[in-house]
Every structure is written in structure tokens, then in C-alpha cells.
Amino acid sequence: MQLNEPKAILFNKLYEKDVCIRCILRLFKITENNLYRETQGFIQLLVDIGKLIGNENKLVEEYDFLYYKRKSEIIDYDILPQTCHSTLKDQFIKNPFHTFDKINKCLICHGILQCLDDQKFLAILVNEIYQRQYQYEAFKFQVKTPIGCQIRQIMILNQCITEIGLNDPFYEQIITPNFAIDIKNCVKWIMCSLLSEQLKVPCDINDDRFQICLNFENIGDDVKQFEQFKQIIQDIDDKMWEEKIAKKLKMNDPQLKEEINNKLLQKKNLQSQPFLPTQNNLEKISKLNQTQLSQFKIINVNYPVKLEVTTSYQNIFIKGNYIKLGRYISQTPWFINGNRIYADSIEDLVSAEACKIFKPSSLKFHSGGREDIDVRMLGNGRPFAIELVDPHCGLQIQTQEILNQIESNINSQKVVKVTPLQYTDTNIFEELKNSEINKVKAYCCIVECKNIVNGDLIQQANQIKDLIIKQKTPIRVLHRRTQMVRDKIIHSLLIKQINEKWLLVYVLSSAGTYIKEFIHSDLDRTVPNLCTLLQNECDIYQLDVMKLYEKIDEDVIINFKNLDTEYGSKI
């Protein structure tokens with residue numbers, strides 16, 4: 001850092017305004033990382049500034065006083081109940097952020113940069129991360145800071161501009177947009193190497209798998225800081241609105257009356273609400289000029305900074321196809337009025353083994369469509385994926401051998417089987433969506449007819465090719481599906497007689513066809529249907545999904561016609 005007397009004087013003025021040393025370095029746009037840590041270079045900088053302002057030891061002595069004060073023992077009556085951090089709870093009752101009652105807190109960063117490298121705080125933070133029992137080879141470090149820090153920085157700079165004058169060489173620097181180094185970057189410069197040393201893994205900004213985030217908040221002081229700008233911002237908004245209305249009056253805008261009433265109602269509501277610390281309000285305040293800003297003061301830091309530490313590991317995706325061999329098992333857990341209806345679900349049975357190994361915080365089950373609870377899923381199965389959210393284990397065990405082990409354990413069950421499992425990524429969502437919408441599906445139904453079936457009509461039905469049917473939303477799903485008419489295609493039928501009134505009906509249809517309704521007509525909400533084709537009343541007693549095909553072609557038709565030979569004995 002190149003020092004001169006004007007800069008040193010400004011440095012001292014900022015320090016006397018209760019701006020911490022690290023924030024001053026940010027405002028001076030110092031990019032030497034080591035100067036933000038407690039290194040010899042940091043101490044030497046304080047000595048050099050002291051020499052230029054005529055008191056060599058002033059900043060060093062005051063910094064040492066702060067340093068040793070926050071190292072001192074914290075006694076119980078120094079701790080206020082509201083200072084407990086939201087996530088780390090009792091562990092954080094005694095940490096350096098609660099010693100702010102003993103020191104002057106930085107007016108810009110709320111004191112975050114003053115005590116960040118305290119060894120006690122670092123030890124508690126590392127212990128908290130260890131307790132969450134993640135497996136990782138590197139970490140990405142993220143930081144969130146109170147939004148009020150930016151308002152305070154703008155106001156401090158406005159004061160500096162007033163004090164140093166327009167002719168000072170430093171003036172050109174501080175009026176440059178976004179000239180100051182972000183607090184978040186300073187936190188990273190200080191903490192990344194310290195955490196890396198303690199966790200014994202590198203900090204890698206390009207590795208998104210495992211992330212550690214420090215979220216600093218000071219809602220109490222942020223609300224107070226923003227609230228004082230409420231009136232001036234409302235006045236500016238009102239003036240802009242009045243100019244807009246005046247322009248529309250000249251244009252005879254027909255919607256003007258409605259817009260005026262909405263604005264008046266909005267204004268009335270805003271008057272009773274606080275001016276919240278939001279990004280939108282921050283942008284409005286940032287546009288205020290020097291004269292407007294000078295009307296306001298920086299609110300003292302009265303509340304302790306709260307810290308939420310979050311850790312997360314990149315989600316793991318595993319895909320495959322499931323085969324459902326039993327009936328009355330739902331695809332996902334089924335609850336009615338808070339009570340679980342069935343003990344197991346497909347989701348439970350195919351994900352349990354993966355959860356044991358990868359230990360996720362939660363699980364999401366995705367599939368390419370679903371079959372009814374009483375319908376089996378046979379043949380090549382239905383595509384699915386399990387999303388392991390925030391897995392605590394898994395970096396070193398994401399191998400095909402582990403998937404083979406999971407697959408073997410799932411397939412030892414009698415009800416559900418899976419085809420070879422594979423690791424995948426978020427692209428699986430598009431695959432599953434396409435499967436649900438575009439695939440051609442073959443079904444097998446056991447059907448009872450009211451009257452004796454006409455064999456000639458069966459032969460005619462077996463000759464059907466690409467029959468377009470119109471299906472109104474079935475009565476049984478009206479509570480969760482939009483009422484509309486959907487065009488679907490029955491590509492082919494294969495009807496086998498069991499006896500005079502009972503049939504084995506194979507149906508090859510486009511994705512999304514309601515097969516039960518095609519069989520019994522759903523009170524003529526599906527037309528045409530099997531009842532009209534056979535001129536008989538038909539009802540379905542059993543339904544199975546036999547196979548899924550990528551697209552319709554002659555080979556698929558041939559394969560479909562041979563389904564009875566392939567699966568007939570299993571129905």
C-alpha cells in the first residue's frame with residue numbers, strides 16, 4: 001500500500017469515526033490479502049500510518065487493546081439472551097461476536113471483520129462443521145452480510161467527500177462506482193486459509209460439491225438504518241408517479257382512473273408499513289445525491305450480529321427403471337388426513353438402501369409418469385430417478401460397485417425390482433418428462449362383458465390402427481386434474497377370449513391415455529371406447545402396464561402382437 005500524509009489523515013479520521021481497520025483498507029481498495037490478516041504486514045501498516053499522523057504507536061496500541069480485550073474471558077452477565085445464534089445455539093453463546101458490548105463496533109461492517117479471525121470462534125465453527133459428519137475433499141466458501149452495511153458505506157463515503165474536498169487526489173477514487181472491496185471478499189481472504197488449515201482440505205471456488213456459508217444478519221440495526229429513508233424515498237416515488245400521471249393525462253389514457261386508485265391504495269398501505277431492508281430499497285437509497293444523504297446519520301450498531309452457518313453437499317442423482325410386481329402399493333407415500341394408508345411405497349423400497357449409504361438430509365423421487373395403485377408395472381419397467389438431497393457421505397463411494405450393491409439389495413425383495421442403476425444429473429428431468437409425454441405404452445386388461453361377446457366384433461377391433469379417441473378428464477381424477485378433452489391414440493388392440501364373457505385385452509396407446517376409462521367408457525366421457533367397439537357393456541377387473549416403447553413403428557406393432565405369447569402366462 002502506497003501511503004502519503006493525506007491518505008494517512010483520512011485513514012485516521014475514518015478510524016476515529018469507529019470504522020474498523022479492515023473496512024478502511026476496503027475503502028482504500030487494498031487488494032493485498034495478507035494485509036487483512038493479523039500478519040507482520042498488517043501491524044507494520046498501522047505503524048506506518050501512525051508515523052504519518054505523528055503518533056507511531058497510536059493505532060497499534062489501540063488495536064492491541066481491542067485484540068486482547070476480545071481474547072479475555074467472557075463472563076455470564078456479559079451475555080444477553082437475544083444474542084444466541086440461530087443455528088449454532090448454545091455453542092455460540094460464548095464466542096467473539098458477543099464481546100461487542102466491550103468494544104467499539106465498526107459502523108460499516110457491524111464488527112464482523114473485527115473479530116472474524118478469533119481462534120475461539122474458529123474452533124467453534126470447525127467443530128460445528130465436523131459434527132455434521134460430511135465427507136468431502138474440498139469446500140467452496142460463501143458469505144452473506146447484512147444489507148445495511150452497504151447503506152453505511154455509502155454514508156461514510158459521503159462524509160469523506162465532504163471532509164476531503166473536491167481537489168483531493170483521493171476524491172476521484174472514492175466517487176468511482178463499486179470502488180470499495182466487498183466485505184464478503186474480505187471475509188473470504190481471512191477465513192478461507194484458516195478453515196482450510198483446520199479442515200485439512202483445500203478451499204476451491206470451482207468445486208461446488210461441498211459448500212460452507214456464513215450468513216451474518218443484523219435485522220434490528222438494518223431496519224432502523226433503512227427506516228430513516230422512508231419519507232424521502234416515498235416523496236421521490238410520489239413525484240415520479242405524478243410526472244407519469246401528468247403525461248398520461250395529456251394522452252387521455254383510459255386506464256388512468258384505475259391506476260390512480262391503485263396507487264392511492266398502495267400509498268395508504270405503505271404508510272403503515274416499515275421501510276424494509278431490501279435490495280430494491282437499497283438501490284433507491286444508492287441513487288440519492290450527496291446533499292440528500294447528508295440529511296441522515298449512521299445508526300450506531302446496537303444489536304449483536306447473528307450468524308447462521310449452513311453446510312450443503314451437491315445432490316446425488318441415481319436413475320433406473322422400476323418393475324412393480326405387486327398390487328396395492330403406491331408409487332409415493334400415500335397419506336389421507338395425515339394418516340399413512342399403506343406401509344410401503346415404490347419410493348420407500350427403491351431409495352432405502354441408497355439413503356443408508358449416502359445419508360442425505362432428504363430425498364426426492366422423480367418418475368416418468370405413474371400407474372394406479374392397483375396396477376402392476378411389468379416388462380422393462382418405468383423410468384425413475386432418486387435425488388439424494390444434501391448427502392453427508394458419498395464423495396468417495398460414488399462408484400458403480402456401490403450401485404450394484406444397492407441394486408442387489410432392492411432386487412432381493414419380492415414386490416419391486418429395478419433395472420441396472422446409474423448415476424445421472426439434472427438432465428434426467430428432461431428425460432423423465434419426455435418419457436411421460438412421448439412414450440408408447442402397452443397394457444393388458446382382464447375385462448368382463450355383460451353379454452356374450454361377438455367374435456366378429458373382436459376380429460374387427462383387432463384390426464384397429466391409430467384410432468383417435470377423445471377423453472374428458474375422468475371422474476376419478478377431476479379433483480386434481482383440469483376439466484378438458486384430450487385427444488389420445490389407440491395404436492393397436494389385441495383381444496383374446498377367455499370365455500363367452502371374459503376377455504384378455506391388450507392395448508397399445510399413446511402416453512397419458514386413461515386405459516380404465518377406455519374400457520368402461522367412464523359414462524361415455526371417453527369416445528369411442530371398448531364398449532362401443534364390441535357393442536357390449538364392459539368393465540375392467542385387472543390392469544397391468546406391460547411395456548414402454550420409445551416410439552411407434554412396425555417393429556413395435558409386431559412386438560406388441562406377441563405380448564400374449566411372452567407374458568400371457570404371467571397375467
Side-chain angles (χ1 to χ4, degrees), residues 320-327 329 346 367-384 415-420 435-449 453 455-469 471 488-499 501-520 526 528-531 533-534 536 538-571:
N321 283 29
Y322 72 79
I323 298 168
K324 174 185 166 187
L325 300 175
R327 302 189 193 279
I329 177 169
I346 301 295
S367 69
R370 63 169 62 223
E371 62 284 333
D372 289 339
I373 192 169
D374 58 342
V375 175
R376 292 188 300 175
M377 180 71 228
L378 306 176
N380 50 354
R382 184 181 297 278
F384 76 94
V415 179
V416 176
K417 309 289 183 183
V418 293
T419 57
S435 171
E436 183 176 358
I437 297 173
N438 300 324
K439 283 198 174 183
V440 178
K441 301 177 183 180
Y443 301 84
C444 180
C445 324
I446 295 181
V447 176
E448 181 189 23
C449 298
V453 181
D456 292 338
L457 293 176
I458 290 178
Q459 290 184 11
Q460 290 178 25
N462 285 344
Q463 301 304 311
I464 281 174
K465 184 175 181 181
D466 297 336
L467 173 68
I468 296 176
I469 64 173
Q471 289 196 312
K488 298 297 178 181
I489 303 174
I490 303 298
H491 294 291
S492 185
L493 284 174
L494 176 62
I495 302 175
K496 300 276 186 177
Q497 272 194 277
I498 299 173
N499 56 39
K501 294 184 178 181
W502 286 84
L503 305 173
L504 199 59
V505 180
Y506 293 91
V507 182
L508 183 67
S509 71
S510 57
T513 304
Y514 289 101
I515 300 300
K516 291 178 179 178
E517 283 66 27
F518 169 70
I519 298 298
H520 59 61
T526 293
N529 51 67
L530 191 65
C531 300
L533 295 176
L534 299 183
N536 212 324
C538 303
D539 203 0
I540 185 168
Y541 276 81
Q542 183 173 295
L543 176 63
D544 294 316
V545 185
M546 304 304 298
K547 217 163 193 179
L548 273 63
Y549 301 98
E550 291 294 329
K551 59 182 180 179
I552 187 71
D553 56 30
E554 288 302 318
D555 290 338
V556 168
I557 298 294
I558 293 170
N559 183 274
F560 169 73
K561 293 294 186 180
N562 291 323
L563 281 181
D564 186 60
T565 304
E566 187 176 352
Y567 292 107
S569 61
K570 300 178 182 179
I571 303 302

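What you see is a predicted model, and the numbers here were worked out from it, not measured in a lab. We're numbering straight along the sequence, starting at 1.
- Using a 4.5 Å cut-off on side-chain heavy atoms (C-beta onward), Leu504 and Leu494 make no contact.
- Checking side-chain atoms of Asn529 against main-chain N and O of Glu517 turns up no donor-acceptor pair under 3.5 Å.
- Across every non-hydrogen atom of Ile469 and Phe518, the tightest pair is CD1-CD1, 4.1 Å.
- Remark: the backbone N or O of Asn380 is paired with a side-chain donor or acceptor of Asn321 at under 3.5 angstrom.
- With sequence neighbours left out, Asp374 forms a side-chain hydrogen bond (donor to acceptor under 3.5 Å, both in side chains) with Lys516.
- In this structure a side-chain-to-backbone donor-acceptor pair under 3.5 Å is missing from Lys551 to Lys439.
- Not one N or O on the side chain of Asp544 forms a donor-acceptor pair closer than 3.5 Å with the backbone of Met546.
- Nearest heavy-atom pair across Ile323 and Met377 is CG2-O, 3.2 Å.
- One N or O on the side chain of Ser510 and one on the backbone of Ile489 form a donor-acceptor pair closer than 3.5 Å.
- Although no hydrogens or angles enter the test, the distance criterion places a donor-acceptor pair under 3.5 Å between the side chain of Arg327 and the main chain of Leu543.
- Residues Val375 and Tyr443 form no side-chain contact, since every pair of their non-hydrogen atoms from C-beta on lies 4.5 Å or further apart.
- With sequence neighbours left out, the side-chain hydrogen bond (donor to acceptor under 3.5 Å, both in side chains) criterion links Lys324 to no other residue.
- For residues 553-562, the set of pairs meeting the salt bridge (Lys or Arg N to Asp or Glu O under 4.0 Å) definition, not counting sequence neighbours, comprises Lys465-Glu554.
- Contact check for Leu493 versus Leu467: no side-chain heavy atoms found under the 4.5 Å cut-off.
- The backbone N or O of Tyr514 sits less than 3.5 Å from a side-chain atom of Gln471, completing a donor-acceptor pair.
- Side-chain atoms of Ile552 and Leu508, non-hydrogen and from C-beta on, do get closer than 4.5 Å to each other.
- Going from atom CG of Leu548 over to atom CD of Glu436 covers 11.0 Å, rounded to the nearest 0.5 Å.
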